[in-house]
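Structure first, commentary second.
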Amino acid sequence: MLNSDYRNILYPCNLGITLSADFSESLTENLTRFINGAFDSFFYNIYVNKWSLNQHFIVNLGREENIRKNEQFNETVTLYPTNIFYASLKRIQNLHRYSTFRLGITNLPLYSSTKKNLIFLYGEAHINRKCAVVSTYNLRDIQMNLQNEPPIVKERIIKESIHELGHLILGNNHCINSDCVMNYSNNLQKVDEKSIFPCNSCDEKLKEIREIYNF
Ligand SMILES: [Zn+2]
Ligand SMILES: [Zn+2]
């Protein structure tokens, strides 16, 4: 059974992206351009809104388990569980029903609400809820405003966004090809080494979906 069946997905479909407020125009443009390149003709339209996810986190979640030391920046930060983002994205999704999938990109640091040892995640997808979240927090070498982000960081954000959308379309599995965007990356070196696009074998799976849905 295709994983699109039980989720009532019809392809092509629309994608909604909710961005953290500090995204530049050029990053937004490149993000949609490369998503369309990776998932050719899967999306009729990509709608972008900048309703900041962060506004849902006014209440400080500063429970002890959420406060961790970040080795990369040598600082102690509050981490946010992914399920709160899914709930927030679902709320936005209910206001914008024309989008089948929704991707949220935040600058807040994340931990997985299902596997609590997975901290400072680059991203996570919730297949059943048809939404995914990417955090720019650990994709940066130093903390700075995204308007001035170097190209390598923008590329990482786009790669991890395509990776999580790939899960929403293809399912939970990771690709074994180390240069494929669907390869699992647990450090920046791996992110930088892989391609921004799916490999031939992942492309074949996308092609199968296109054939089934006739597009
Ligand atoms: Zn993954
Ligand atoms: Zn692949």
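As the structure lists them, so they are numbered: ligands from 1, and atoms in each ligand from 1.
- Salt bridge K159/E155: present, at least one basic N to carboxylate O contact under 4.0 Å.
- Between the NE2 atom of H163 and the NE2 atom of H174, the angle taken at the Zn ion (ligand 1) works out to 110° after rounding to 10°.
- Residues F42 and F215 place their aromatic rings such that the two centres sit under 6.0 Å apart.
- The SG atom of C199, the Zn ion (ligand 2) and the SG atom of C175 define an angle of 100° (nearest 10 degrees).
- Take the N/O/S atoms of H167: the one nearest the Zn ion (ligand 1) is NE2.
- One side chain, N49 or T18, offers a donor N or O that lies under 3.5 Å from an acceptor on the other.
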Derivation of the salt bridge (Lys or Arg N to Asp or Glu O under 4.0 Å) call for R68 and E75: CA-CA 8 Å; R68 300 289 183 92; E75 62 180 8; over 6 Å; no
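- Considering the Zn ion (ligand 2) as centre, the angle to SG of C202 and to SG of C180 is 110° (10° rounding).
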